[in-house]
Protein chains: 2
Amino acid sequence: MRKLDHVDKQILQILQEDGRRPYTEIAHQLGLSEGTIRSRITRLLQDGVFQFVIHPDPEKLGLHVQAIIGLTTKLGSQNSVAEELSKFPEVRFVGAFSGKHDLIIQACFHNNDELITFVNERLSQIEGIAAADVSLELKQYKDSFSFVRDDEVPIQ
Amino acid sequence: MRKLDHVDKQILQILQEDGRRPYTEIAHQLGLSEGTIRSRITRLLQDGVFQFVIHPDPEKLGLHVQAIIGLTTKLGSQNSVAEELSKFPEVRFVGAFSGKHDLIIQACFHNNDELITFVNERLSQIEGIAAADVSLELKQYKDSFSFVRDDEVPIQ
DNA sequence: AACGATTTTTTCGAATTTCGTAAAAAACTG
DNA sequence: CAGTTTTTTACGAAATTCGAAAAAATCGTT
């Protein structure tokens, strides 16, 4: 996989703001031809650098309750627990971490009942979870995939 | 804002998988006309139900270090701290929470140095942060905005 | 059930975008 | 610097999107 250059990052930055901006417009904006933008985007997709998706507003979908849950797993079951958790549609993020919790997940629910049911019935049925530390989201300030920056990648 | 119906959710589910699928194809897939898909998507966008974005792979962008940081703020400064943090491009998530930490953020860095600099120099300069509890991501299992489900919204 | 009003869906030609591909240009290599 | 590879451009054909009007469906009222 070739290293991303300035043009690639500019394309990503534009698509970050509007994932459906036409190649022709991006081309015009960057002073390149449509074909160039197209071939670059095709390559970026092929290299798995990004995907076209949508960002729904959970509130508008009726998912009024969001939570971050820190999990402590029994030694040796971290991986299987993480994979099990990843299958749930209400779980949007699962990661293994160093620090207080072995796993940290983020999940969305319609209401508190659904969250309680998830913790008490779903989580308890997964073998290997020792403890769950639930933090309820009170207000969301920022939530995005917008981490494309055009600054220099540090020399390793 | 009208309530989302089954067709809206189906459209969102399709776009979740491929944010660039043409209206014509969605229409064909759902047995509706292109115009219907177009007007529904236009309305959903106008109502702020979702946005077209891209999901970059942080690793492919050279962002090899991700962290979740739980913050304790001084009484009264939670909001200003959150807003300040939201301005950082490396910070992709900021939320106020009940539980152990007042704020929880998620951020991406090129390397450990960048993370250390962020914690020691950026965070320390923000007025109102009492403590920061850093968890380093060791492995990512799931990360998506795919929380559109087509099950029943519970009766409140 | 019938009515008008409103909203949603369909239709269709025009404008725009995307696609396939070949040629040109540029960049890289030894 | 000639040869090779990669990238960009160009352009006609195919597909998609767009604008707007007609048709259909939905809704509230009687």
Side-chain angles (χ1 to χ4, degrees), chain A residues 1-57 59-62 145 148-153 155-156, chain B residues 1-57 59-62 145 148-153 155-156:
Chain A
M1 199 194 93
R2 224 185 85 279
K3 200 180 159 307
L4 305 195
D5 68 7
H6 183 63
V7 173
D8 291 324
K9 292 194 182 159
Q10 279 184 304
I11 292 173
L12 292 175
Q13 279 179 333
I14 290 168
L15 289 175
Q16 222 161 228
E17 284 168 29
D18 173 9
R20 273 216 162 190
R21 181 147 326 157
Y23 301 158
T24 48
E25 277 185 40
I26 300 171
H28 185 258
Q29 197 171 340
L30 301 183
L32 295 164
S33 73
E34 176 271 331
T36 300
I37 304 304
R38 176 153 46 103
S39 72
R40 279 178 177 257
I41 286 179
T42 304
R43 187 162 42 80
L44 291 168
L45 287 170
Q46 219 137 28
D47 291 347
V49 175
F50 80 100
Q51 283 177 258
F52 287 109
V53 295
I54 60 171
H55 182 175
D57 179 340
E59 285 289 338
K60 300 276 168 71
L61 298 177
F145 283 138
V148 180
R149 279 172 282 158
D150 199 7
D151 36 33
E152 239 10 79
V153 176
I155 327 101
Q156 50 271 9
Chain B
M1 199 194 93
R2 222 184 88 278
K3 200 178 159 309
L4 306 195
D5 67 6
H6 183 63
V7 173
D8 291 324
K9 292 193 180 160
Q10 279 185 304
I11 292 173
L12 292 176
Q13 279 180 332
I14 290 168
L15 290 175
Q16 221 161 226
E17 283 168 29
D18 173 10
R20 273 218 163 186
R21 180 144 328 158
Y23 301 159
T24 48
E25 276 185 39
I26 301 172
H28 184 258
Q29 196 171 340
L30 301 183
L32 295 164
S33 74
E34 175 271 331
T36 300
I37 304 303
R38 176 153 46 103
S39 71
R40 278 177 178 256
I41 286 179
T42 304
R43 186 161 44 77
L44 290 168
L45 287 170
Q46 221 139 27
D47 291 348
V49 174
F50 81 100
Q51 282 176 259
F52 287 109
V53 294
I54 60 172
H55 182 174
D57 179 339
E59 284 291 337
K60 300 277 168 72
L61 297 178
F145 284 138
V148 179
R149 280 173 281 158
D150 200 8
D151 37 31
E152 241 10 80
V153 175
I155 325 102
Q156 46 272 13

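Letters A, B, ... mirror the listed sequences (proteins, then strands); counts begin at 1. Source: prediction; values computed, not measured. What you see below is based on every heavy atom in this structure, not just the backbone, and it leaves out hydrogens, waters and symmetry mates.
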Worksheet item: Taking B:Arg20 for the side chain and A:Gly19 for the main chain, is one N or O donor matched with an acceptor at less than 3.5 Å?
Response: yes
Worksheet item: Under 3.5 Å, side chain of A:Asp47 to main-chain N/O of A:Val49, donor-acceptor pair present?
Response: no
[X], nearest nucleotide to its side chain (from [options]):
X: B:Glu34; options: C:dT17, D:dC18, D:dT8; result: D:dC18
X: B:Arg38; options: D:dT7, C:dT11, C:dT10; result: C:dT11
X: B:Arg2; options: C:dT10, C:dT17, C:dT8; result: C:dT8
X: A:Ser33; options: D:dT9, D:dT7, D:dT17; result: D:dT9

[X] [atom1] to [N] [atom2]: how many Å, rounded?
X: B:Tyr23; N: C:dT16; atom1: OH; atom2: P; answer: 16 Å
X: B:Leu45; N: D:dT17; atom1: CG; atom2: C1'; answer: 14 Å
X: A:Leu44; N: D:dT7; atom1: CG; atom2: P; answer: 11 Å
X: A:Ile37; N: D:dT7; atom1: CD1; atom2: C1'; answer: 12 Å
X: A:Ile26; N: D:dT8; atom1: CD1; atom2: P; answer: 14 Å
X: A:Asp5; N: D:dT8; atom1: CG; atom2: C1'; answer: 13 Å
X: A:His28; N: D:dA10; atom1: NE2; atom2: P; answer: 14 Å
X: B:Met1; N: C:dT7; atom1: CE; atom2: P; answer: 16 Å

Discussion item. Parallel, tilted or perpendicular: which one describes the rings of A:His55 and B:Phe145, with boundaries at 30° and 60°?
Written reply: parallel
According to a strict under-4.0 Å criterion, is [X] in side-chain N/O contact with OP1 or OP2 of [N]?
X: B:Arg43; N: C:dT7; value: no
X: B:Thr36; N: C:dT10; value: yes
X: B:Arg20; N: D:dT16; value: no
X: A:Thr24; N: C:dT17; value: yes

Discussion item. Less than 4.0 angstrom from a charged side-chain N to a carboxylate O is my criterion; do B:Asp8 and B:Arg40 meet it?
Written reply: yes
Worksheet entry | Contact summary for A:Pro56 and B:Gln16, nearest pair of heavy atoms | CG-OE1, 4.3 Å
Fill in: DNA chain C: 5'-proximal contact among A:Arg21 and A:Gly35 (nearest heavy atom)
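Nearest-nucleotide comparison on DNA chain C picks A:Arg21.
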